[in-house]
Structure formats: C-alpha cells, structure tokens
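I have placed the structure first, in the form of structure tokens, so that the comments after it can refer back to it.
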Amino acid sequence: MADTFADYAPGLESPATHLVAVTPNDTVDLTFVSRAINVGQSGYVRLTTAGGETETIYIAAGGAFPIRATRVWATGTTAAALVVLY
C-alpha cells in the first residue's frame, strides 16, 4: 500500500502509528512513552507522566486522551480495556 507521508518525519502532532493493549502495573514502566491513552470503559487511570508527575485522572471511554505517560499504575486505576497509542 502506498504511504504518501512515508518520507515525512513524524512529530508530536502526528497521529499515532502504534497501538498496545496495557495491563496496569505498579512496578513496570511502559515499553514506550505514550502519545495518548484510550479506555474501553470509563474510569480513573493512575499514571506517571513523561515529566515525572504521578496523578490519577478520569478518562472517558471512546476517545484518545492525549498524554505522554511512562507508567500506568494498577493501584488507583479503575478504567478497563486500556490501549496506549504511540
């Protein structure tokens, strides 16, 4: 399949090119820093940002929440069916 944008360098404004289902974990970081997180069931997500802050945020199902995260914590996370976009 032809990719018209193959010769362009992706930036942070570019759409994600990878999706990874995530199992929240209190001790293991994500393999890659996210561009966004999508949840299949609304709820709270405790995460650590690329800037180093750890907080709990509410994410509604159905859309990609733009955030650069390095870890999604099991403790404090109530949302389900998490997918990280990067």
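Residues take their numbers from the sequence shown, with the count starting at 1.
When all heavy atoms of A36 and P66 are compared, the pair lying nearest together is CB-CA, 3.9 Å. When every heavy atom of P15 is checked against every heavy atom of R35, the shortest pair comes out as O-NH1, 4.1 Å. Counting all heavy atoms, side chain and backbone alike, A69 lies closest to L30 at O-CD1, 3.5 Å. Shown here for S42 and A60, the closest heavy-atom pair between the two residues is OG-CA, 3.4 Å. The minimum heavy-atom distance linking N38 with G62 is given by the pair ND2-C, 4.0 Å.
Counting only N and O atoms by type, the side chains of T48 and T54 include a donor and acceptor under 3.5 Å apart.
In this structure, T49 and T70 have side chains that are not in contact, with every pair of non-hydrogen atoms separated by 4.5 Å or more. The side-chain heavy atoms of V20 and Y86, taken from C-beta on, include a pair separated by under 4.5 Å. Taking 4.5 Å as the limit, some side-chain heavy atom of L47 sits within range of a side-chain heavy atom of I57. Looking at heavy atoms from C-beta onward, V72 lies in side-chain contact with I37 at the 4.5 angstrom threshold.
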Table please: side-chain donor-acceptor pairs of residues 74-84 below 3.5 Å, with sequence neighbours left out.
from	atom 1	to	atom 2	distance (Å)
T75	OG1	D26	OD2	2.5
T77	OG1	R46	N	3.1
T77	OG1	W73	O	2.4
T78	OG1	Y44	N	2.8

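Residue pairs satisfying the salt bridge (Lys or Arg N to Asp or Glu O under 4.0 Å) criterion with at least one member in residues 55-69, sequence neighbours excluded, are absent. Sorted by first and then second residue, the pairs that involve residues 70-86 and meet salt bridge (Lys or Arg N to Asp or Glu O under 4.0 Å), not counting sequence neighbours, are D29-R71.
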